[in-house]
S.K.: 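This is the structure, below, for whatever I ask next.
None of the values given here were measured: they were computed from a predicted structure. Positions are given from 1 along the sequence.
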Amino acid sequence: MKAMILAAGKGTRVQPLTYEMPKPMIPILGKPVMEYLVEHLVKYGIKDIMVNVSYLHEKIESYFGEGQRFGARIGYSFEGYTNDKGEVMPKPIGSAGGMKKIQEFGGFFDETTLVICGDALIDLDIQSALFEHRRKGAKVSIITKEVPLEKVSEYGMVVADKDGRVQSFQEKPKKEDALSTLASTGIYIIEPEIIDLIPVDQPFDIGSELFPLLVEKGVPFFAQNRFFNWIDIGNIKDFWAVQQSVLSGEVAHMTVPGTKIADELWVGLNVRIDWNGTKIEGPVYIGSGTEIEAGSTIIGPTWIGHGSKICSGSVVEKCIFFEYTRVQPDSEMSELVVYNDYSVTRDGKISHITDSKDAAWRDARDRRSKARPAVKLVESAGGR
């Protein structure tokens, strides 16, 4: 069995995190989401992995390389072009289009392949899913999860008959219009001959174009409703919630890194904590080279990236700080994600450091008293 990880999207719904990193590189407990996926695939003996890339592709490629350190063989298919100025321009061609490009180039899909989105945490029993796929004689299987009726409007829903054969799809239907409570997880098992149905040299999507075509043609196409952890980082609000869950130990097989020095308190290397008047209630992780000044209060679940500084008198509660975040003296920060010059509330409201002259955070490496002026980011072509 082989695998393909879909990693070409731009991740606009997870901005500002994706201003400078592709969505599969978003860290959970300090490790990219895609790394968890690669490790899970290798655990089940799936070592040949293709990845379609586009937006900020070099960051994925330089981190994962050829895959040796993960016990895998990883290849890449870039979707884009170089313009007349010599600039590399991303241009995704759809999830199915990306598969066709790979197949036309080198015939990678010559056996059963697991196709999976590169932005979710899963613990799917792949062996069991493959067994059911073959038992039913399926050419394509889509892995689904039951969701409450109140949440169907958040997902692409799969309508199947009593035997699991897919009948139709609904994209984020209203509660009263939903014909199913089976949500697509973006995990598919596909046989090689299905690639023949994808047109050449044009954008083509798996969910909205290939799958309806399969239903129309009567291809053996089945939904598998499985019980497993599936944590999709669909937007910035999801990112905050996921970090809160994993720090609280609610997700099996995910452990906080560092050394545990007190109940629910983990630290990296060379951390300096002045305990005079300082209060820390876990779960809290404090990254390497971080300083906690006297009189600080930190309430978990909180993640503080390396090289950060929590100044005296400040209060930090349920926050996710990326590296080199400095919380100003006597400031209060609650339920925020801080990434470089941006902060995001748990409800998704984005603020730039220049929006307020009294912003509670700064770059820990910046010794200037005033924040740097905002730099306008140039949008480039991209997908999801």
S.K.: Hey, would you say the Y285 and W266 ring centroids sit under 6.0 Å apart?
M.R.: no

S.K.: For the pair S308 (side chain) and T325 (backbone), establish whether a donor and an acceptor sit closer than 3.5 Å, ignoring hydrogens and angles.
M.R.: yes

S.K.: Hey, is the main chain of A7 close enough, under 3.5 Å, to the side chain of N52 for a donor-acceptor pair?
M.R.: yes

S.K.: Is it true that a side-chain atom of S314 and a backbone atom of S296 form a donor plus acceptor pair closer than 3.5 Å?
M.R.: no

S.K.: Given 3.5 Å as the limit, does a donor-acceptor pair link the side chain of T278 with the main chain of G295, or not?
M.R.: yes

S.K.: Is it true that a side-chain atom of T185 and a backbone atom of I143 form a donor plus acceptor pair closer than 3.5 Å?
M.R.: yes

S.K.: Would you say E66's side chain and G75's backbone share a donor-acceptor pair under 3.5 angstrom?
M.R.: no

S.K.: Mind checking whether I102 and V140 sit in one hydrophobic cluster, side chains of I, L, V, M, F, W, Y counted as touching below 4.5 Å?
M.R.: yes

S.K.: Can you name the residues that form a side-chain contact (heavy atoms from CB on, under 4.5 Å) with Y76, not counting sequence neighbours?
M.R.: V51, V53, I60, E61, F64, I74

S.K.: With a 3.5 Å distance limit and no angle check, can you tell me whether Y55 reaches the backbone of T18 through a side-chain donor-acceptor pair?
M.R.: yes

S.K.: Restricting to non-hydrogen atoms, name the atom on I233 and the atom on K23 that form the minimum distance, rounded to 0.1 Å.
M.R.: O-CE, 2.9 Å

S.K.: Testing the 3.5 Å rule here: is there a donor-acceptor pair between the side chains of S95 and D205?
M.R.: yes

S.K.: Could you verify whether a donor N or O on one side chain and an acceptor N or O on the other, from Y342 and Q15, lie under 3.5 Å apart?
M.R.: no

S.K.: Under 3.5 Å, side chain of T144 to main-chain N/O of Q224, donor-acceptor pair present?
M.R.: yes

S.K.: For the pair T290 (side chain) and G305 (backbone), establish whether a donor and an acceptor sit closer than 3.5 Å, ignoring hydrogens and angles.
M.R.: yes

S.K.: Identify whether NZ of Lys or CZ of Arg in K2 sits under 6.0 Å from the centre of the six-membered ring of F109 and within 45° of that ring's axis.
M.R.: no

S.K.: In terms of side-chain geometry, is the basic nitrogen of D347 or K349 positioned less than 4.0 Å from the acidic oxygen of its partner?
M.R.: no

S.K.: Would you name the heavy atoms of M157 and A183 that are closest together and state the gap between them?
M.R.: CE-N, 3.6 Å

S.K.: Please list all pairs passing the salt bridge (charged side-chain N to carboxylate O under 4.0 Å, His left out) test where one or both residues lie in residues 122-133, with sequence neighbours left out.
M.R.: E132-K136, E132-R226

S.K.: Does F131, at its CZ atom, have more than 12 non-hydrogen atoms belonging to other residues, nucleotides or ligands within less than 6.0 Å?
M.R.: no

S.K.: If you take the centroid of each ring, where Trp contributes its six-membered ring, are Y44 and H40 closer together than 6.0 Å?
M.R.: yes

S.K.: With sequence neighbours left out, what residues match D177 under side chain to side chain donor-acceptor pair (under 3.5 Å)?
M.R.: none

S.K.: So does H133 get a backbone contact from the side chain of S141, meaning a donor-acceptor N/O pair under 3.5 Å?
M.R.: no

S.K.: Under 6.0 Å between ring centres, would you say that holds for F211 and Y188?
M.R.: yes

